[in-house]
Amino acid sequence: MPISQLYPNIPSVPQIVACTRNDQTGSKSVSGRPKVSPQLNRWSRARAVRSRLKLDRSNLRTQPVQPPEPNPPPRPLPLREDPDDAVNFDGADVRALKSIYIVSDGTGWTAEHCVSAALGQFDYCLVDRGCPVSTHLFSGIDDAEKLLEIIKQSAKEGALLVYTLADPSLASAAKQACKLWGVPSTDVLGPITEAIASHLGVSPSGLPRGASGLPLSDDYFRRIEAVEFTIKQDDGASPQNLAKADIALTGVSRTGKTPLSIYLAQKGYRVANVPIVLGVGMPRTLFEVDPKKVFGLTINPLVLQNIRKARAKTMGLSSDGRSNYSEMDYVREELEFAGRLFAQNPLWPVIDVTGKAIEETAAVVLRLYHDRKHKCTMPKISKRY
């Protein structure tokens with residue numbers, strides 16, 4: 001429904017006037033803390049800054065939206081400040097905190113991850129340069145009145161609005177309201193949806209993904225089946241089922257086989273992982289499956305030793321020499337054993353996971369998997385990635 005029909009006499013929101021206050025009287029300084037490392041101090045400041053400002057969402061559930069009086073005299077919106085609410089972190093005042101409102105008529109997953117990816121470009125600034133950010137997610141907003149209430153509050157707070165609204169009427173209402181009230185906004189889904197609709201020559205459904213009442217898709221059940229399969233095949237279990245896997249991962253302990261398997265399974269790939277242990281034979285079925293499915297994982301010895309030491313400590317393993325699990329000589333020997341196995345199977349791509357996030361390793365695996373599946377031209381397959 002257009003915003004003009006909901007509120008025919010609604011005025012534009014006047015400009016918000018920022019309040020100022022003397023830091024000597026209206027702010028608190030953090031003092032008396034024990035001296036810690038600069039990195040830990042930055043993390044602590046980031047957590048404090050991001051959790052400082054809480055959004056009051058009770059009005060969204062209990063109070064109906066009341067249209068304002070027609071033609072009220074323009075005046076700055078009063079922003080109440082409590083002197084006890086301002087906290088100073090090394091000169092970066094919490095009052096400078098920037099808010100981002102994330103609005104979706106679905107789960108908000110798409111918009112939230114887009115905002116998170118974009119914020120990653122400003123890590124150098126968010127804490128060290130005193131420009132902290134607070135994000136608020138509003139999911140399941142399928143009512144125009146709730147949407148306008150959120151936009152009104154974002155105008156009061158000076159927040160940026162990022163939205164993914166599949167319903168064209170809601171998206172149009174959000175665009176009009178943001179323009180009317182001067183709220184900076186970004187429509188994440190709209191331009192992409194319009195481009196695909198133009199490319200395909202058909203109209204979009206206008207329903208949020210996973211909306212109630214819609215039948216569950218085959219893709220959903222495929223992902224559920226993939227997760228169940230992957231869990232059952234974890235750590236070399238049921239090697240007789242390796243042929244049923246879409247992807248088989250192999251590598252020494254603590255190279256990230258299990259989390260990588262689960263991540264890929266959530267994308268709908270049935271994954272099996274087989275550990276490489278020095279002195280233990282590999283299952284025969286691993287060498288019988290299509291080599292295009294198998295991917296080797298390796299890692300820097302020093303990094304692996306540190307990971308294993310932390311793992312041994314959490315498992316309560318003693319360091320009296322009875323276990324060589326995290327000893328450098330054993331680590332190097334096991335990695336060399338894995339390297340010889342990879343050399344004997346040159347069609348297995350070997351991926352170095354050192355310093356890579358699970359998402360990065362998964363991207364390499366899937367690129368190689370689909371390139372080989374569709375017989376795309378590839379570089380020498382035995383190189384490390």
Side-chain angles (χ1 to χ4, degrees), residues 1-5 100-121 135 137-144 147 150-151 160-180 183-227 246-247 263-270 292 357-379 385:
M1 179 183 296
I3 188 173
S4 59
Q5 295 183 17
I100 300 177
Y101 285 12
I102 304 171
V103 181
S104 173
D105 50 6
T107 62
W109 187 96
T110 300
E112 188 175 30
H113 280 70
C114 286
V115 169
S116 178
L119 285 176
Q121 300 296 314
T135 60
L137 172 62
F138 301 89
S139 58
I141 304 300
D142 55 1
D143 180 83
L147 174 63
I150 293 170
I151 298 175
L160 167 67
L161 188 79
V162 178
Y163 59 92
T164 52
L165 298 168
D167 187 339
S169 62
L170 283 179
S172 177
K175 183 177 181 180
Q176 292 181 46
C178 289
K179 183 178 180 180
L180 183 65
V183 177
S185 63
T186 296
D187 182 1
V188 175
L189 196 60
I192 301 175
T193 303
E194 292 174 4
I196 294 177
S198 176
H199 182 65
L200 298 179
V202 295
S203 300
S205 66
L207 297 175
R209 191 174 184 181
S212 59
L214 293 179
L216 297 176
S217 64
D218 293 338
D219 179 68
Y220 172 82
F221 290 105
R222 182 170 58 87
R223 287 188 287 114
I224 295 299
E225 190 274 333
V227 171
D246 298 315
I247 296 171
Y263 182 86
L264 292 170
Q266 291 174 341
K267 291 181 173 290
Y269 299 90
R270 293 173 296 178
K292 295 178 182 178
I358 294 299
E359 295 85 352
E360 293 177 285
T361 307
V364 175
V365 169
L366 293 180
R367 174 173 62 84
L368 295 176
Y369 173 79
H370 288 290
D371 283 351
R372 303 173 91 181
K373 185 176 181 180
H374 299 294
K375 298 181 180 179
C376 297
T377 303
M378 296 183 61
Y385 298 88

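The figures that follow rest on heavy atoms only: side chains count, while hydrogens, waters and symmetry mates do not.
- In this structure I196 satisfies the side-chain contact (heavy atoms from CB on, under 4.5 Å) test together with I192, L200, sequence neighbours excluded.
- Of all the heavy atoms in A171 and Y163, the pair that sits closest is O-OH, 4.0 Å.
- Note: S116 OG to I100 CD1 = 10.5 Å, rounded to the nearest 0.5 Å.
- Inter-residue side-chain proximity for D246 and L264 is flagged as unmet; no heavy-atom pair is nearer than 4.5 Å.
- For D143, the side-chain contact (heavy atoms from CB on, under 4.5 Å) partners are E145, K146, not counting sequence neighbours.
- Distance check: S139 OG to I141 CD1 gives 7.0 Å after rounding to the nearest 0.5 Å.
- Qualifying salt bridge (Lys or Arg N to Asp or Glu O under 4.0 Å) partners for D167, counting only residues two or more places apart in sequence or in other chains: none.
- Side-chain contact check for L366 versus I247: some heavy-atom pair is nearer than 4.5 Å.
- Rounding to the nearest 0.5 angstrom, the gap separating the OG1 atom in T193 from the CG atom in L165 is 10.5 Å.
- Under the rule for a side-chain contact (heavy atoms from CB on, under 4.5 Å), the partners of F221 that lie at least two apart in sequence or sit in another chain are L216.
- When all heavy atoms of L137 and E112 are compared, the pair lying nearest together is CD2-OE1, 3.9 Å.
- Residue Y101 holds its OH atom at 11.5 Å from CD1 of I151, rounded to the nearest 0.5 Å.
- Heavy atoms only, all atoms of each residue included: C114 and V188 are closest at SG-CG1, 3.8 Å.
- To the nearest 0.5 Å, the span separating CG on L170 from NZ on K175 amounts to 15.0 Å.
- For D218, the side-chain contact (heavy atoms from CB on, under 4.5 Å) test picks out no residue, with sequence neighbours left out.
- Atom-to-atom distance recorded for I102:CD1 and H113:NE2 is 10.5 Å, nearest 0.5 angstrom.
- The heavy-atom pair separating K267 from R222 by the smallest distance is O-NH1, 4.2 Å.
- Panel note: side chain D105, backbone A166; a donor-acceptor pair is recorded below 3.5 Å.
- Scanning all heavy atoms of the two residues, the minimum distance from L161 to V183 falls at CB-CG1, 4.1 Å.
- Applying the ring-ring contact (aromatic ring centres under 6.0 Å, His included) criterion to Y263, with sequence neighbours excluded, gives no partner residue.
- Checking S172 against Q176 by side-chain atom types alone, a donor-acceptor pair falls below 3.5 Å.
- In this structure, A265 and A226 approach most closely via the heavy-atom pair O-CB, 3.6 Å.
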